[in-house]
Amino acid sequence: MITVKNLTKKFGGFTAVNNASLTIKKGSITGLVGPNGAGKTTLFNVIAGIYEPSGGFVTLDGKDITGLPPHKLFNKGLLRTFQVAHEFGTMTVRENLMMVPGGQSGESLIDVWLRPGKIREEEEELRIKANEVIEFLEISHVADELAGNLSGGQKKLLELGRTMMVDAKIVFLDEVGAGVNRTLLNTIGDAIIRLNKERGYTFCVIEHDMNFIGRLCDPVIVMAEGGVLAEGTLDEIKANEQVIEAYLGTGLKNKVTS
Amino acid sequence: MEDLLNAFLLMSNFVFVPAIAYGSQLALGAVGVTLVYGILRFSNFAHGDTMAFGTMIVILFTWWFQSMGINLGPLPTALLALPFGIIVTAIFLLGSDKLIYRFYREQKAAPVIYLIASVGIMFVLNGVVRFIIGPNDQRFADGERFIVKAREMKQYLGTAEGVSIKVSQGLTVITAIIVVIALFWFLNKTRTGKSMRAFSDNEDLALLSGISPDKVVAVTWILVAILATVAGTLYGLDKSFKPFTYFQLLLPIFASAIVGGLGNPLGAIAGGFVIAFSEIMITYPYKKFVAYVVPGDWKPEGLVQLLATDYKFAVSFIILVLVLLFRPTGIFAGKSV
Amino acid sequence: MKKLLLATVASAAMVTAAYADDVKIGVFLGFTGPIESLVAQMGPGAEAAIAEVSASGKFMNGSTVTAVRADTTCVDAAAATSAAERLITSDKVSGIVGGDCSGVTTATLTNVAMPNGMVMISPSATSPALSTIEDNGLFFRTAPSDARQGVVMSNIILERGFKSVALTYTNNDYGKGLADAFAAAYEAAGGEVTINTSHEDGKADYSAEVGALAAAGGDILVVAGYLDQGGKGIIQASLDTGAFDTFVLPDGMVGDSLPEAIGSDLNGSFGQAPGSDSEGAARLATISGDAFDSTSPFAGESYDAAALILLAMQAASSTNPADYKGKVFDVANAPGEQILPGELGKALDILASGGEIDYVGASNVELIGAGESAGNYREIEIKGAKISTVGYR
Amino acid sequence: MLINRNIVYFTIMALLLIGVGLFQSWNVSLSILNLCLISAIMALGVNIQWGYAGLFNVGIMGFAALGGLAAVLVAMPPVEGAWSAGGWGAIGGLFLAFISIALAVITYQRMSAGRTRSIIIIAICVIGFFITRAVFGPATHAIEDINPATSGYLGGFGLPIVLSWPVGGIFAGIAAWVIGKITLGLRSDYLAIATLGISEIIIAVLKHEDWMTRGVKNVIGMPRPVPYEVNLQTADWFITLSSTLGADPVGFSSIFVKICYACLFVSMLLIVLWLSETALKSPWGRMMRAIRDNEVSANAMGKNVTKRHLQVFVLGSVVVGLAGAMLTTLDGQLTPTSYQPLRFTFLIWIMVIVGGSGNNWGAVLGGFVIWFFWIEAEPLGLVLMNVITSGMAEDNSLRLHLIESAAHMRLMTMGLILLLVLRFSPRGLLPEKSS
């Protein structure tokens, strides 16, 4: 589904992603792991259109999407969440969800002023859809809370929920587990698996928690120093000498083997 | 040959010398703006009025010294009063930081909030300065006025054109060079300076490495006080002191800082000269110059002027817009965040 | 002096319980804004006349007069209009000295003074456009129209034998109006204006303007600006670079602070300012003392504007603008006994007894046309770093 | 609770205006009210940019001036002979300038980067510049030579001045589109400085292009949308009306005119307010708030942030331009020198911040409160100074200095208000409603 070929991203003299190539298969939950500074988030950001790549290209279903801005990728079904939750803090959880779908008539001012009836209908549909998502994520108790007041885990859940408001083809999850307690992380994990099974979402997940990765992901791709080091199931990866070397280099061996 | 010399002297007198002096003044101001932007991360709209405030203090001390008969001979007495102006301005800036900006730092407010707060400080300073010294033109220059006078030079060289260089212009350029060298030495060689640069590059990293942000901020404001007071005083010596003028100065200073790349001191200096030279060169009528350079007695009919001086102030902004269009981070890459 | 202060303070505090026989005069000038430094002398000038009349005890059978200040800001027509509204309808003034800048003066005249039937005498709005404005006989000015000054200046320059000048003006209605009037008169008389370009007041640097003026050439430089604003900057920069040695100084440039600031380099420069060989100006200087600088531009005109309003009231025995607006011409012009600054008490006596006066004042007031000063000019020359009068026109 | 606050504050404001009416005069009160209304509209425009989208526009003065320009071009009668003297030349000159810029832009887009492209673009600009000047210069001179003391410009189309209000909005909108195209997408400080710079350029053009607006000579005596006082004072129906009300026709005429203006302005304010409130409460407003809260995230959720910023920037500027045209209508003249950033730009900003950014009612309230104090600060400042110095001797030089400086209190007061509100009530008097 997503093919990355020879992708390179340089910041000044520093090469964050170096000639990385990988593919994400349709219907998979692909894990992306690697020590800090391996270039995972930068790779995400290049794919998601935040940065222009310095070289290489990305395709989605065979079509070149290299360097497209995020809002265009969104329309092609490529969505993402953020390492640090990017909620819309002054809006309620429900509003956070309702704003997501593109092409709402209510986004055109002419319609806002001249066709209030049509917008009211659309809003009603959106509200129903948002409520479904809220049910699914089991966050009904905070549905009318300001998103800025949620806990870190709830915000992550909300970010996941936003991707459910449209029919996403592929969702990139950047460290869903960062700052989230274990119970909530399990809830998030459950939701990801359900979305994958029930709705056929493809996921690509960056995560440090190997238990989480082990539970969800197949295959797992390892990055180090900006390049792709290995790919396989978690067990294969754990047995890979190069991978252990890479983690050892940063003193994180325990994390891999635990 | 004679004609070419005349042409050169003409350009020096009306273009190069004033542009270098004006450019130095702008550069000093722009470095102050850029420093605040680089380290404290906001565009300080109060900078022009800070310059006015510092200069006002210098003027008050200068008058006091003059009344006591203290002077520096051929140099302006104001130089003697400069340190006092800097101290008072620094106290004021540190106080305003403590009362106002620190609160927003603790809140981790958006940069634009600082910007708006600086507009508030600008208003207050505006009022304070007019309150204390009044809205009028104030004279405080004394000592010699000229290093070289055009008329004397003409007689000496026997040429049709001559060059004037004022003491204040010479002082401006020399002081600007000294201040800039000192600033770069400070930023690159001292421990505090290095930590400031680290802070400017990445606040979080700098915090991890054990730099006290309070100290960095305090030192920044002291540097700003020095730069603003020096720039303001030199400007006042060269032209005149009038509170309103200093507010107006804000625009070309900002243009300089942006053209050079906000947050980059070297860029600010370059920006100051780019703005000064282009303002003067684009609006300069080359009629006489052409007459000298072109052989024979041919003289152009019109003024050979690219743009009427009416639009002088538009020049800096047109350059600004062009830079934004083609090189948004400025001539020297500034901060992109 | 003390009285003057009391008057200002009292009016400032907006004492609402006014005496039945207390007459209020609005002093409507730009206390803040671009010409705030000129107004710092004009305001006290007007208030001096008001205080003098009030202290004489001879005004309208012993009425007192107080000045009420209001700020035109010189540039903000909206703020000026509001301030004028306040003067007329809230402070209930009986006449207004002002406005100062031509722009706000026009705005307040058409929007406030005319609808309310209030007399305005401006000491400093010199725009030629004000000569033809519809005013229902309510607007006068003790300053002459710049159309006249342009002609006078042209004559002075030509008589001194200068056939080619460079011209720069401050970029507002005053500067532009004067520059155009002068250029037209001068070129019609055979002179050449090599360049006619503006400068902005209160800006950072005038190198570019001076460079342009120098490149265009010309025997002398005409600076239609303000002496403590861009005008001074232009002259300073011209002298510094040796671009011009001699300058022509119209009214906005005539004041002691200019030669004081520039020194002997200005010697030989010449110009003109409203004035006449009457001793009015000197008289005003003795009255002003330390309170204000009577030689500052338009300070004398301000005194005269206030005096004219009060004398016209006395002549009409009424403080109603509709009654006294017709008397302004009578008191300003001959026939009658000539009145100088400091003689307002005498003038009040004469008028009270039905006599006639010819108010001369500090600026040799002579109203013509639609109620503007005829334009008697004092030709000045800078000698020994001082302004000296060399003749009158 | 919030609604209560609305009512309380607006009631206080109304009482203040009524107080001015009772203690000073109704004329003063109404003239303050009229400017409050215009300020409120201008503040609404800024609120659209800042409150909805977090865009910091420091060029309000320039957009207001464009509104003023529209008033001249729409409402002034055409100057006889000016069009034939040079009107077409001037327009042709502008057209040529436009063509050369368009050519340069097309070249920039069509050709690949390189020295050839740079040379061609520079050549187009230089040649275009000189051709434009050759056509434009003589034409404008011809126009300016027509009776310079009273006309010397093209004049306008002699249409009703109320038409100029939307036209002013359109002018400002076009300018905003150009500025937005250049600076939006860059970081926020650039927008601030660029708007400040471009508004200075707009003012410079208004000051120097005499053929268009008479430059600094000002356009005076503009037509009014309401009757003239002098005419009212002699109209029979009006005299009858004032006598039934027991009022003096002269005083009442000026009150009547102000009420007419107030009615026009109130209806304008209501229209703009309705449009902005509807927009804010719609999905569009929700999207804008999302963009303001987090641009990166909104962008990732499929919203074209740059395009929306441009849209909201243009819309806000349109409202400012509209208010600018209304202001010129009320003044009855265009004075380019009066467009000062301290007055038009920063004062409006203070209105929005004090009122409560993001909340339309807050912006309206801010417009009222700040304009009220801007006007009343002068007498209040004097009273304050007198109180402060009342213990001092009458000729105490400090006392005299303080009283003389009272006028400068205005700026200082504004600065203090801004700082205090920002610090202690950062969301303003009427905070943004969070649904």
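Sequence lines set the chain letters: A, B, ... in the order given, protein chains first and strands last, and positions in each chain run from 1. Just so you know, these numbers come straight off a predicted model, no measurement behind them.
- With a threshold of 4.5 angstrom between heavy atoms, D:Ile417 does not approach chain B through any atom at all.
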Compile the donor-acceptor pairs under 3.5 Å between side chains in residues 203-211 of chain D and protein atoms, sequence neighbours left out, one pair per line.
residue  : atom : partner  : partner atom : Å
D:Lys207 : NZ   : C:Glu200 : OE1          : 3.0
D:His208 : ND1  : B:Asp310 : OD2          : 3.4
D:His208 : NE2  : B:Asp310 : O            : 3.4
D:His208 : NE2  : C:Asn171 : ND2          : 3.3
D:Glu209 : OE1  : D:Trp211 : NE1          : 2.8
D:Glu209 : OE2  : B:Tyr311 : OH           : 2.5
D:Asp210 : OD2  : C:Lys176 : NZ           : 2.9

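- The minimum heavy-atom distance between D:Leu419 and B:Ala117, with the atom names listed, is CD2-O, 3.4 Å.
- Inter-residue side-chain proximity for D:Leu422 and B:Tyr104 is flagged as met; some heavy-atom pair is nearer than 4.5 Å.
- The distance from atom CG of D:Leu416 to atom CZ of B:Phe123, rounded to the nearest 0.5 Å, is 11.5 Å.
- Between D:Met412 and B:Val128, some side-chain heavy-atom pair lies under the 4.5 Å cut-off.
- Note that CE of B:Met122 and CE of D:Met414 are 13.0 Å apart. Values are rounded to the nearest 0.5 Å.
- Listed options B:Ala308, B:Gly120, B:Pro111, B:Ser316 were ranked by heavy-atom pairs under 4.5 angstrom with chain D; first place goes to B:Gly120.
- Side chains of D:Phe56 and B:Leu115 form a contact here, defined as non-hydrogen atoms less than 4.5 Å apart.
- Rounding to the nearest 0.5 Å places CD1 of D:Ile198 at 8.0 Å from CG of B:Leu320.
- Contact of D:Leu420 with chain B is not made at all, since no heavy-atom distance falls under 4.5 Å.
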Exercise. Run the numbers on D:Ile350 and B:Val119 for side chain to side chain contact (heavy atoms under 4.5 Å, CB included), then give the verdict.
Key: CA-CA 10 Å; D:Ile350 294 175; B:Val119 169; 5.9 Å; no
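- The neighbour count for D:Trp177 CH2, taken as heavy atoms of other residues, nucleotides or ligands under 6.0 Å away, does not exceed 12.
- Only the backbone of B:Ile132 comes within less than 4.5 Å of a heavy atom of chain D; no side-chain atom from C-beta onward does.
- Neither the backbone nor the side chain of B:Leu125 comes within contact range of chain D; no heavy atom of the residue lies under 4.5 Å from a heavy atom of that chain.
- Atom CD of D:Glu200 and atom CZ of B:Phe317 lie 6.0 Å apart (nearest 0.5 Å).
- In this structure, B:Ile116 and D:Leu418 approach most closely via the heavy-atom pair O-CD2, 3.5 Å.
- Below 4.5 Å, heavy atoms of chain B meet heavy atoms from D:Phe129, D:Phe130, D:Arg133, all part of residues 126-141 of chain D.
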